Amino acid sequence: MSKKAKTAINPTRSEDYPEWYQQVIRAADLAEVSPVRGCMVIKPWGYALWENIQSELDARFKATGHKNAYFPLFIPLRFMQREAEHVEGFAKECAVVTHSRLEAGEDGQLTPAGPLEEPLIVRPTSETIIGELFAKWVQSYRDLPLLINQWANVVRWEMRTRLFLRTAEFLWQEGHTVHASSEEAMEETRLILDLYADFAESYMAMPVIKGEKTEGERFPGALNTYSIEAMMQDRKALQAGTSHFLGQNFSKASNIQYLDKEGQKLHAWTTSWGVSTRLVGGLIMSHADDNGMVCPPRLAPAHVVILPVTPKEETRNQVLEHCDKLAREIRDLTFDGKPIRVEFDDRDLRGGEKMWQWVKKGIPLTVEVGPRDLESDSVFVGRRDNGPQERKGMPRTEFINSMSSVLQEIQDNLHQRAKDFREANTCSIDNKEDFYDFFTPKDKDTNEIHGGFAKAHWAHDTEAEDRLQKDLKVSIRCIPEERTGEPGTCPFTGKPSEGQVVFAKAY
RNA sequence: CGGGACGUAGCUCAGCCUGGUAGAGCGCCGGCUUUGGGAGCCGGAUGUCGCAGGUUCGAAUCCUGUCGUCCCGACCA
């Protein structure tokens with residue numbers, strides 16, 4: 001006869017996962033759908049998450065020798081046509097600008113006028129326009145390597161959109177590099193993959209599998225695509241970042257050539273790599289729970305909120321002053337080498353409601369301070385990685401002294417939790433029946449959470465891959481860098497396989 | 001872009017079948033009460049019923065078109 005626990009987010013994850021996801025975004029005030037089809041408005045709390053992602057990644061790019069630059073939003077149509085596979089990959093989702101002005105007609109309606117001689121496409125990615133410029137910038141082996149990154153928005157005209165995970169316009173970072181040799185370009189590709197993986201694990205607290213994409217999942221125009229793959233709480237995979245070895249495809253298409261020491265003119269080798277605001281979606285689906293968002297401390301817009309409890313008018317000012325002092329004290333502390341970010345919420349709202357707003361936003365720590373705490377010089381602390389009822393009192397000094405390490409503990413705890421979840425839902429499968437069973441829901445009508453990551457042998461057989469996509473909507477997420485198990489036999493074709501790959505349903 | 005569902009107050013939704021000019025709960029504003037917790041009572045504000053046509057004396061309600069959202073599929077970061 002246990003009554004269902006009251007949750008801040010309804011439905012819960014197990015009841016209706018896609019709806020839960022949207023409700024978390026709303027409850028935490030991260031973003032909302034805009035009046036523009038397929039585009040989202042990122043609100044301050046959500047944008048702050050992105051800014052924190054940006055600032056850490058930006059520092060890491062710079063630490064590895066990359067420089068930021070900015071290239072045009074518009075790309076002349078003919079640039080797109082230079083690389084055949086690239087065109088094919090992106091043509092279907094390009095926004096095209098065809099006119100240069102608006103004119104008011106008889107009825108006062110504005111209509112496009114002044115057709116452009118050559119239509120412009122809004123960048124879905126910038127390989128072609130950047131290649132055009134790189135061809136000018138690169139003349140000699142002395143110009144290499146050329147390591148450029150751009151923070152930008154891109155547009156891909158998607159049919160089906162979901163906040164953060166897939167929107168028509170999104171924010172991202174795209175790195176584009178040029179190298180003298182294949183080896184060096186490949187080294188760069190792998191360096192960035194490692195950089196992304198380390199960032200995901202240590203900042204996003206999101207465990208990822210590094211690996212190579214199969215031919216079918218490759219970036220259009222790339223020779224090799226590498227990705228980091230994370231498991232979301234519905235056990236589906238999210239491709240969280242990609243790094244592409246482009247070989248000489250784009251240097252040939254854009255004519256990026258250099259003179260080597262011997263005076264020979266050679267085509268350069270290029271790479272490109274990116275992560276997007278999709279990472280925020282990954283953050284939500286990795287850590288948020290049935291009470292809302294859960295921010296990993298290292299990326300949290302704020303680490304702690306001070307909530308004054310002012311039950312009596314007489315003690316109100318005293319409490320507020322005390323809280324203000326506490327806020328200043330906390331601002332002098334550091335976590336992760338930066339000042340601790342503290343909010344002081346003295347809005348005239350009821351305590352309980354205020355508390356829940358911050359729970360839903362996923363702030364790592366809440367501190368409630370009331371008149372009784374003043375007397376004992378203590379504080380009442382809640383950790384977001386614990387249940388909302390598990391808050392406890394402690395001396396103020398203890399709280400202050402332990403704060404930095406507690407934030408790190410929360411960070412580690414979220415990471416461990418996500419890792420355990422992934423391990424619990426990952427299995428190794430050797431025969432077709434078990435594989436189909438693993439990826440088939442018990443009750444087809446309820447959209448229940450099922451499946452997970454399946455490691456199974458595969459013999460580089462595209463037909464088998466397509467079959468599974470068709471039958472089960474399961475794809476090969478990657479050929480993991482660290483292969484597990486011995487060589488074996490593909491359970492679908494019986495062909496010999498050199499190792500297992502990771503299968504999953506994906507976003 | 002195909003299949004389905006749905007657009008009514010900030011949010012969740014009722015009303016539509018059987019046309020007669022708009023409702024609830026939550027939220028918001030004000031007052032009182034309450035106060036270590038998502039409060040209670042009283043009062044109040046808020047809607048060209050997605051948009052455009054059509055049928056009708058009269059349309060949230062019926063018809064057509066259109067735009068948007070969500071779910072499923074194809075495609076994709």
Side-chain angles (χ1 to χ4, degrees), chain A residues 6-11 16-19 21-23 26-27 29 32-40 88-94 124-125 153-174 196 213 216-220 225 227-230 237-244 272-282 291-292 307-313 315-316 319 349-360 366-374 378-380 382 388-389 391-393 444-447 466 469-470 473 475 506-507:
Chain A
K6 191 177 177 186
T7 54
I9 304 298
N10 291 293
D16 184 346
Y17 194 85
E19 181 63 20
Y21 175 76
Q22 295 182 98
Q23 292 305 325
R26 201 162 57 128
D29 212 22
E32 59 186 55
V33 297
S34 75
V36 188
R37 183 205 152 92
C39 298
M40 69 175 160
E88 206 186 320
F90 287 105
K92 295 183 292 290
E93 47 191 39
C94 281
T125 179
N153 58 338
V154 285
V155 168
R156 295 181 188 175
W157 213 258
E158 298 289 348
M159 291 308 159
R160 193 178 164 192
T161 58
R162 302 190 68 184
L163 290 178
F164 290 114
L165 297 175
R166 174 162 295 108
T167 47
E169 179 192 13
F170 57 95
L171 305 181
W172 79 344
Q173 138 299 291
E174 48 180 325
Y196 284 157
K213 287 292 190 184
E217 301 265 331
R218 234 176 249 157
F219 177 76
T225 285
S227 74
I228 52 172
E229 301 283 330
L238 183 79
Q239 179 176 309
T242 49
S243 186
H244 315 292
S272 70
W273 28 272
V275 298
S276 70
T277 35
R278 173 177 248 205
L279 287 181
V280 178
N291 287 319
L307 301 160
V309 181
T310 54
K312 294 189 192 72
E313 199 51 48
T315 53
R316 191 181 149 81
V319 170
L349 271 182
R350 291 195 57 78
E353 200 193 334
K354 224 196 268 190
M355 177 73 193
W356 276 100
Q357 287 185 7
W358 288 102
V359 168
K360 287 185 277 193
T366 57
V367 197
E368 296 158 274
V369 182
R372 290 213 297 269
D373 300 311
L374 258 61
S378 58
V379 292
F380 201 64
Q389 309 313 329
R391 292 168 286 157
K392 61 178 188 195
K444 284 191 176 69
D445 301 327
T446 57
N447 229 341
D466 292 346
Q469 174 67 43
K470 223 170 207 162
K473 285 172 256 157
S475 56
Y507 275 97

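Because the structure is a prediction, the values reported are computed rather than measured.
Base pairing annotation: B:rC32 forms a Watson-Crick or G-U wobble pair with B:rG40, both donor-acceptor distances under 3.5 Å. In a base pair of the Watson-Crick type (N1 to N3 plus N6-O4 or O6-N4) or a G-U wobble (N1-O2 and O6-N3), with each distance short of 3.5 Å, B:rG2 is matched with B:rC72. Across all strands shown, B:rU46 has no partner, as no Watson-Crick or G-U wobble contact with both distances under 3.5 Å is found. Searching all strands for a Watson-Crick or G-U wobble partner of B:rG25 with both distances below 3.5 Å returns B:rC11. Across all strands shown, B:rC62 pairs with B:rG54; the Watson-Crick or G-U wobble distances both stay below 3.5 Å.
The interatomic distance linking A:E174 (CD) with B:rA77 (C1') rounds to 12 Å, in whole Å. Atom-to-atom, CD of A:E158 to C1' of B:rA74 comes out at 12 Å; the value is rounded to the nearest Å. In this structure, A:M40 atom CE and B:rU69 atom P are separated by 14 Å, rounded to whole Å. Atom NZ in A:K92 sits roughly 15 Å away from atom C1' in B:rA77 (whole-Å rounding). What separates CH2 of A:W157 from C1' of B:rA74 is a distance of 19 Å, to the nearest Å. Between the P atom of B:rA77 and the CZ atom of A:R218 lies a distance of 13 Å, rounded to the nearest Å. At whole-Å resolution of the value, CD1 in A:I9 and C1' in B:rC26 are 15 Å apart. When rounded to the nearest whole Å, the span between CZ of A:R162 and P of B:rU69 equals 14 Å.
Residues A:P124 and A:V154 form no side-chain contact, since every pair of their non-hydrogen atoms from C-beta on lies 4.5 Å or further apart. Taking the side chain as every heavy atom from C-beta outward, A:W356 and A:P388 approach each other to under 4.5 Å. Between A:F164 and A:Y21, the closest side-chain pair of non-hydrogen atoms falls below 4.5 Å. Annotation: side chain of A:L307 is in contact with side chain of A:T366 (closest heavy-atom distance under 4.5 Å). Residues A:E169 and A:C39 are in side-chain contact: their nearest non-hydrogen atoms beyond the backbone lie under 4.5 Å apart. Within the 4.5 Å cutoff, side-chain heavy atoms of A:Q173 are placed close to those of A:V275. The shortest distance between side-chain heavy atoms of A:Q357 and A:L349 falls below 4.5 Å.
Only the P atoms considered, B:rA59 is 14 Å distant from B:rC17, to the nearest whole Å. Separation of the P atoms belonging to B:rC71 and B:rG54 is 36 Å when rounded to the nearest angstrom. Rounded to whole Å, the separation between the P atoms of B:rG3 and B:rG15 comes to 28 Å. Remark: the separation of the C1' atoms in B:rC57 and B:rG19 is 12 Å, to the nearest Å. When the P atom is used for both B:rA45 and B:rG10, the distance is 16 Å, rounded to whole Å. Taking the P atom of each, B:rG65 and B:rC28 are spaced 42 Å apart, rounded to whole Å. Comparing the C1' positions of B:rC51 and B:rG68 gives a spacing of 10 Å, expressed to the nearest Å. Between B:rG20 and B:rC62, the two C1' atoms lie 15 Å apart (nearest whole Å).
Although no hydrogens or angles enter the test, the distance criterion places a donor-acceptor pair under 3.5 Å between the side chain of A:R278 and the main chain of A:L165.
Side chain to side chain, A:H244 and A:T225 meet the donor-acceptor criterion of an N or O pair below 3.5 Å.
When each of A:R37 and A:A168 is assigned the nucleotide of RNA chain B with its nearest heavy atom, A:R37 is the one assigned upstream, toward the 5' end. For the pair A:R278 and A:K473, both in contact range of RNA chain B, the more 5′-proximal nearest nucleotide belongs to A:K473.
Here the shortest heavy-atom pairing between A:T242 and A:S227 reads CG2-CB, 4.1 Å.
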Base versus backbone protein contacts along nucleotides 33-40 of chain B [heavy-atom cut-off under 4.0 Å; B, S, -]:
-BBBBBB-
How does each nucleotide of nucleotides 3-14 of chain B score, in 5' to 3' order, for protein heavy atoms under 4.0 Å: base (B), sugar-phosphate only (S), or none (-)?
--------S---
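Note on A:T242: nothing from the nucleic acid sits closer than 4.0 angstrom, heavy atoms only. Nucleic acid contact for A:M355: none, since no nucleic acid atom lies under 4.0 Å from a heavy atom of the residue. No contact: A:T225 has no heavy atom under 4.0 Å from any strand. Across all strands, A:G292 comes closer than 4.0 Å to no nucleic acid atom at all (heavy-atom distances). Residue-level contact check: A:L238 touches neither bases nor backbone, having no heavy atom under 4.0 Å from any strand.
Salt bridge present: A:R391 and A:E368 bring a charged side-chain N and a carboxylate O closer than 4.0 Å. Under 4.0 Å is where a charged nitrogen must lie from a carboxylate oxygen, and between A:E229 and A:K213 at least one such pair does.
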